[in-house]
Number of protein chains: 2
Amino acid sequence: MGATIRDVARAANVGLGTVSRVLNNSPLVSPATRQRVLNVIAELNYTPSQIARNFASGKTLTVATIAPFFTRPSVVERLRGIELMLSASNYNLVVFNVETVERRDVCLRDVPRRDRTDGLLVISLSPRPQEVAMLRQTGVPVVLIDTVADGMAGVYVDDVAGGDLATCHLIELGHRRIGFVGDSLEEVQAFNFTSSRNRLRGYLQALERYGIVPNPAYQRHGIHGRYEARVLARELLQLAEPPTAIVAASDTQAMGVLEAARDLGVEIPASLSVVGYDDIDIAEYLGLTTVHQPLFDSGARGVEILFAALSGEPVAPAHELLPIKLIPRATTAAC
Amino acid sequence: MGATIRDVARAANVGLGTVSRVLNNSPLVSPATRQRVLNVIAELNYTPSQIARNFASGKTLTVATIAPFFTRPSVVERLRGIELMLSASNYNLVVFNVETVERRDVCLRDVPRRDRTDGLLVISLSPRPQEVAMLRQTGVPVVLIDTVADGMAGVYVDDVAGGDLATCHLIELGHRRIGFVGDSLEEVQAFNFTSSRNRLRGYLQALERYGIVPNPAYQRHGIHGRYEARVLARELLQLAEPPTAIVAASDTQAMGVLEAARDLGVEIPASLSVVGYDDIDIAEYLGLTTVHQPLFDSGARGVEILFAALSGEPVAPAHELLPIKLIPRATTAAC
DNA sequence: CTGTTAGCGCTTTCAA
DNA sequence: TTGAAAGCGCTAACAG
């Protein structure tokens with residue numbers, strides 16, 4: 001515990017620098033010397049002070065991740081990808097959970113600092129132009145996961161295409177009265193989420209392509225979550241002419257829709273088809289038709305891109321597109 | 001970015017130490033001087049280097065958390081409690097996800113080091129006596145969450161009582177043939193989890209109290225997860241004399257049991273009652289009868305205890321018992 | 001290949 | 001109250 005590099009140097013009868021070289025696997029040490037040093041290190045049970053190394057090298061050996069609502073299954077799965085990748089390196093993962101707009105802004109402002117972290121991953125929260133400028137100024141490499149922003153690097157999926165995919169699936173099953181349940185616009189705007197908005201866009205785009213006039217009464221938005229989605233879906237199902245199918249902006253919200261159907265005795269998929277988004281673990285359990293996206297991989301890939309930046313290569317402000325696909329299950333059927 | 005404490009001192013015409021005192025809110029600075037320094041700090045847009053402060057003070061300002069399978073809903077919820085508590089302090093949360101035994105051992109050995117972290121939280125993984133000794137030797141304050149170990153501090157729930165509670169509920173509903181689906185004993189042993197084992201103990205204890213002879217064929221163990229639980233439950237339900245009720249060691253496993261019932265056309269709760277454990281978010285959605293435990297609070301409380309230790313008070317090697325309760329829902333009914 | 005030296009930017013004595 | 005000075009334990013540049 002108490003042994004320092006100096007103690008080792010003295011005991012091994014070498015210079016301080018030599019010990020440092022051994023510690024850092026420098027090739028500039030003769031095998032004999034190296035062995036001697038290693039022996040002393042073992043004898044003294046010496047471990048270099050991480051904190052001192054960080055200070056001297058100016059690196060923190062941490063990667064910070066800002067994640068909104070990190071208990072959401074989709075976010076957790078991304079985090080797992082991040083953690084697994086990081087665990088194979090010597091970087092540590094520092095997590096910032098964001099559940100309020102204030103914290104979003106604080107995190108985005110304070111976390112990216114060279115003396116706090118070596119690199120930053122941001123999940124789902126898109127930095128605004130001004131924030132992009134600040135981020136860039138800090139010099140901390142940043143990679144966005146599940147969102148894009150001008151001038152930033154990242155991985156994402158085409159949520160417009162995803163919303164389109166979900167909607168097309170329903171249209172091709174013969175549905176014409178198709179509802180949409182998504183995130184509250186205020187919430188989306190405050191956090192600057194992009195996905196729910198884009199999924200809605202995809203939904204509208206699909207309708208248009210098939211010449212279906214979108215019915216504004218069929219589009220509902222509320223705080224993200226099962227409960228709110230349930231309320232919204234109940235409203236939809238109680239319309240004079242209710243939709244025969246509903247596209248939900250996430251699997252969690254799709255679950256709320258399923259609950260609403262259950263509440264009102266609407267049979268799934270006989271009287272109502274439901275499509276979710278994300279393909280979280282439980283979707284399969286529920287037999288939920290959904291749009292699959294590579295959650296785990298998005299985290300892992302984000303780390304890879306960050307590593308590239310960390311190893312000196314300048315981060316190209318390019319966004320890598322990950323594939324999505326529709327997984328038809330038991331909640332959708334012909335109209 | 002580039003300004004250092006020296007620049008500030010020079011510009012404010014004070015000594016280096018005075019600036020430091022201002023930064024640390026020391027009362028030993030005259031209001032006038034303080035103000036002058038603060039002005040300069042603002043002018044220069046100076047922020048102290050966190051990394052240097054850490055080095056000089058010997059603190060990392062991080063709390064490490066070792067969490068097994070942190071994507072499990074119960075674990076995530078504990079983490080949320082931890083994160084929320086930490087976010088109100090100036091400690092950062094460093095997360096280590098453990099999904100293999102090797103990593104468990106490595107984390108428990110390498111993470112707790114004064115130069116790496118100021119404090120350690122360990123979720124669900126009980127350190128063995130030898131590990132307890134090592135942990136203690138490092139001098140890093142450790143708090144266990146959801147498990148106990150001799151000589152360590154922590155918060156936990158009485159899983160024996162919980163298993164008993166679940167089983168009693170069934171017995172009182174008239175069930176006599178009650179099965180148990182829990183974690184694989186090898187897995188439990190390798191990670192040194194305590195809860196599944198204790199829940200089984202509670203199950204047996206309840207049976208005994210009511211004079212029911214436990215049937216070994218009714219007790220099944222498999223890798224934690226929905227899938228394996230489903231397989232095990234299917235076996236149970238296909239016995240010549242199948243149980244009329246099943247206690248699962250977790251809600252996730254209870255879900256597997258529900259799937260098995262669905263597979264075999266067994267009606268819930270008419271022909272089979274099921275009780276879970278944890279009361280994770282989805283339990284309510286599924287109408288799952290379960291044993292509720294304060295997951296979020298366990299994390300938050302763990303941090304509080306750690307803070308006490310961090311602020312100098314020696315950690316009493318005491319375990320704080322959190323309350324549990326049975327939540328009857330729709331998966332249990334009279335036999 | 002190896003030893004020496006100069007910091008990294010703070011916190012914390014110790015005097016004044 | 002304040003200033004000056006001594007490190008914290010290491011990395012990295014430089015001289016040999």
Side-chain angles (χ1 to χ4, degrees), chain A residues 1-41 44-62 90 113-118 138-139 310 312, chain B residues 1-41 44-62 90 113-118 139 312:
Chain A
M1 277 284 86
T4 75
I5 197 172
R6 210 178 310 266
D7 301 327
V8 176
R10 198 155 24 214
N13 231 302
V14 296
L16 234 167
T18 300
V19 180
S20 178
R21 273 172 221 121
V22 171
L23 291 176
N24 295 290
N25 291 314
S26 159
L28 302 139
V29 188
S30 77
T33 310
R34 173 183 305 278
Q35 195 49 58
R36 190 147 41 92
V37 172
L38 287 174
N39 288 151
V40 172
I41 286 178
L44 266 48
N45 194 20
Y46 163 79
T47 52
S49 159
Q50 194 55 58
I51 208 170
R53 303 183 86 162
N54 293 347
F55 176 56
S57 65
K59 330 209 92 285
T60 64
L61 287 190
T62 66
N90 36 56
R113 286 185 33 199
R114 298 208 69 85
D115 55 307
R116 280 194 111 204
T117 190
D118 293 346
T138 65
L310 253 23
Chain B
M1 279 288 85
T4 74
I5 198 173
R6 208 179 313 265
D7 301 327
V8 176
R10 198 154 24 214
N13 231 303
V14 296
L16 234 164
T18 301
V19 180
S20 178
R21 274 174 220 120
V22 170
L23 291 176
N24 294 289
N25 292 312
S26 160
L28 302 138
V29 189
S30 76
T33 311
R34 173 184 306 279
Q35 195 49 57
R36 188 146 42 92
V37 172
L38 287 174
N39 288 150
V40 172
I41 286 179
L44 265 48
N45 194 20
Y46 163 78
T47 52
S49 160
Q50 194 54 60
I51 206 170
R53 304 183 86 162
N54 292 348
F55 176 56
S57 65
K59 330 209 90 285
T60 64
L61 286 189
T62 66
N90 37 55
R113 284 185 33 198
R114 297 208 70 85
D115 55 306
R116 279 195 111 200
T117 190
D118 293 346

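Note on naming: letters A, B, ... go to the chains in the order of the sequence lines (proteins, then strands), and numbering restarts at 1 for each one.
Within 4.0 Å of Ile51(B), counting heavy atoms only, lies no atom of the nucleic acid at all. When heavy atoms are screened at a 4.0 angstrom cut-off, Asn54(B) is found touching no nucleic acid atom at all. When heavy atoms are screened at a 4.0 angstrom cut-off, Ser20(A) is found touching base atoms of the nucleic acid. Among the heavy atoms of the strands, none lies under 4.0 Å from Asp7(A). Within 4.0 Å (heavy atoms only), Gly58(B) reaches no atom of the nucleic acid at all.
Looking only at distances, no side-chain donor or acceptor of Arg21(A) sits under 3.5 Å from a matching main-chain atom of Leu28(A). Judged purely by atom type and a 3.5 angstrom limit, Arg116(A) has no side-chain atom pairing as donor or acceptor with the backbone of Thr60(A). No donor-acceptor distance shorter than 3.5 angstrom exists from the side chain of Thr138(A) to the backbone of Arg113(A), with no hydrogens or angles considered.
Boundaries of the chain B contact region on DNA chain C are dG9(C) to dT13(C), first to last in 5' to 3' order (nucleotide atom under 4.0 Å from a heavy atom). The footprint of chain B on DNA chain D, defined by a heavy-atom cutoff below 4.0 Å, extends from dT1(D) to dG9(D).
Mapping Pro27(B) and Arg53(A) onto DNA chain D by nearest heavy atom places Pro27(B) at the nucleotide closer to the 5' end. Where Gly17(B) and Phe55(B) each meet DNA chain C at their nearest nucleotide, the meeting point lying more 5' is that of Phe55(B).
Listed here is the closest heavy atom pair of Leu44(B) and Ala3(B): O-CB, 4.3 Å.
A distance of 12.5 Å separates CZ in Arg34(A) from CG in Asn39(A), rounded to the nearest 0.5 Å. Atom CD1 of Ile51(A) sits about 8.5 Å away from atom OG1 of Thr62(B), to the nearest 0.5 Å.
With Arg36(B) as the fixed residue, the side-chain contact (heavy atoms from CB on, under 4.5 Å) test singles out one of Val29(B), Val22(B), Ile41(B), Asn13(B): Asn13(B).
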> Could you go step by step and tell me if Tyr46(B) and Val37(B) meet the side-chain contact (heavy atoms from CB on, under 4.5 Å) rule?
Replying inline: CA-CA 11 Å; Tyr46(B) 163 78; Val37(B) 172; over 6 Å; no
